Amino acid sequence: MEKRDLVIIGGGSAGMAAAVAAYDKGVHDILILERTEFLGGILNQCIHNGFGLHEFKEELTGPEFFTRFVKQVEERGIEYKLSANVVGVTKDKVVTYFSGEDGCVEVQAKAIVMAAGCYERNAGAIGIPGDRPSGVITAGQAQLYLNAYGYMVGKKVFILGSGDIGLIMARRMTLEGAKVLGVAELMPYSNGLERNIQQCLKDFDIPLYLSHTVTKVIGKGKLEAIEISQVDERMKPIPGTEKRFEVDTLLLSIGLIPNNDLLDKAGIEASKTRGAKVDSRMMTLSAPGIFSAGNVLHVHDLVDYVVAEGRTAGEGAAAYIKGELKPSEEGILTEAGKGIGYVVPAKLDLDAPGDALEVKFRVSRPSKNVYVVYSQGGVPIKKILKLAIIPSEMEIYKLPKNLLKADGGPLTVSLEPKEEK
Amino acid sequence: MAVELTCIVCPRGCHLHVDDDLNVTGNSCPRGAVYGKQEVSNPVRTLTSTVVVEGSGHLWVCPVKTDVAIPKGKLFDAMKEVNAVKAKVPVHIGDVLLKGIAGTEANLIATREILD
């Protein structure tokens, strides 16, 4: 069996950042396995700008951003294989992949970084009522067709879901000559970043229907029309509120799911995000030496944070390979308290480098004038006032280590309303 | 007339208030003040799109952008010109594919390296 120090699954932003970080920490026997024909991951189709404000202090397009990482990988001579599809990972760190060039190969790794990104929730997942014509596709798939292959998927478009990819596609297809008739969002607030609502919808007078969903798909063979309805507080459509739109395309931007099947099948414990449970170094709790970073762990809004997480995983993997990082039973487990959707990592590791430990989370719903409360063993150790906090923006807080006690019990993040005086 | 708008310089999305004399409040950083003033007096956007690329074995289109932001009202004129541009391999990031797009100072530049 082939042997490698470090195998990285996925050659997108998280995977490349992990490879470069591990290399710079002295681990040079690295193999990146990438399923598609290109390094760069999802940024290959994200031709819009807005990437890199944290990482490079300038605004880049997706391809410009990932090209800088490809150069870092190539400068170091880090080996990568394209069109190499990983089909299996074991807790003993055996990676099985297929490629046209190599056939079926098993590699024994000393450490693994899982960086396989996420996939889109599709029509089947939400069971839209009505016909099943062509013309109903996910926003990311339409983005791939348009930005990588130059094909427009339709001319009269409606978009279900206000996720960022849907908003960006609303602008992109409008600029390419399509008529985007509207965006329907089930929740009473948008799930996209504020800048995208402004730049992609308001700039082009595209209406956003909050608390609305698609209640009927109409078309024999090809999509002819859709019907949307307003929903009540319990998300049930309200009869009599139907609106009909004649469209040839319905884009779905209804959520992203970590592409974590490989670790699931290996029996590695998953968290609420459906990514693996990891510690502060991004090492999985139930399989020492297997790390996880980027959208496969939890879905990010900004690639800059994906890269930072990849780097942490790469540095952790290098330390593990060099025997500097021993799996430990100790550490502080984290919990999502009131108003919090999820917390990453699942365990804070006081031995991790630095004076503070990152706690990342999303709130369950938008709130104003609330405290984010960090409590250990039920005792508040830090309170931070937030004037506004929304689910579409991931929060990152560097929790000073000196506030934490090794034996102080689990850390809970929760929201508390500010007392009105 | 005072204008309320959402800052789009970064993903934070501050709520800006711009008064008649172009004074900006509600911003968290200096870039927000610049944006608020600009957005009310002369809104501009960076245009990103793709152009046909000839001579590549594995890519049909090459992503492009305007090297500086152009007036919002010129986006559709610029798109007409973008759609007539063809690139040839090799393409490097920053290659100028069209100068002075839609009568502006902006150039259309490649944002991807396509060597073969």
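A, B, ... follow the sequence lines: proteins, then strands. Residue 1 opens every chain. Predicted model only: the values in this text are computed from it and were never measured. Just the heavy atoms: all of them, side chains too, but no hydrogens, waters or symmetry mates, feed the values below.
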Handout entry: Distance-only donor-acceptor check, side chains B/Thr50 and A/Arg172, under 3.5 Å
Key = yes
Specify which of [options] makes the most heavy-atom pairs with chain A at under 4.5 Å.
| options | answer |
| --- | --- |
| B/Arg45, B/Glu113, B/Lys72 | B/Arg45 |
| B/Ser49, B/Pro63, B/Pro43 | B/Ser49 |
| B/Leu5, B/Thr6, B/Val64 | B/Thr6 |
| B/Val52, B/Leu59, B/Val82 | B/Leu59 |

For [X], look at atom [atom1] and say whether over 12 heavy atoms of other residues, nucleotides or ligands are found less than 6.0 Å away.
| X | atom1 | answer |
| --- | --- | --- |
| B/Glu4 | CD | yes |
| A/Tyr397 | OH | yes |
| B/Phe76 | CZ | yes |
| B/Glu105 | CD | no |
| A/Arg365 | CZ | no |

Return the [atom1] to [atom2] distance between [X] and [Y], rounded to the nearest 0.5 Å.
| X | Y | atom1 | atom2 | value |
| --- | --- | --- | --- | --- |
| B/Ile93 | A/Thr61 | CD1 | OG1 | 7.0 Å |
| A/Leu53 | B/Arg31 | CG | CZ | 5.5 Å |
| A/Glu64 | B/Thr48 | CD | OG1 | 10.0 Å |
| A/Asp203 | B/Leu75 | CG | CG | 7.5 Å |
| A/Gln198 | B/Cys7 | CD | SG | 9.5 Å |
| A/Thr67 | B/His92 | OG1 | NE2 | 11.5 Å |

With a 4.5 angstrom heavy-atom cut-off, is it the side chain or the backbone of [X] that approaches chain B, or both, or neither?
| X | value |
| --- | --- |
| A/Ser392 | neither |
| A/Phe204 | side chain |
| A/Asn44 | both |
| A/Ala148 | backbone |

Problem - Ion pair check, B/Lys65 and A/Glu59, cut-off under 4.0 Å - result: no
Problem - side-chain contact (heavy atoms from CB on, under 4.5 Å) between A/Tyr151 and B/Val61, intermediate numbers included - result: CA-CA 10 Å; A/Tyr151 296 121; B/Val61 290; over 6 Å; no
Problem - Pairwise side-chain contact, B/Thr111 with A/Asn49, heavy-atom cut-off 4.5 Å (strictly under) - result: no
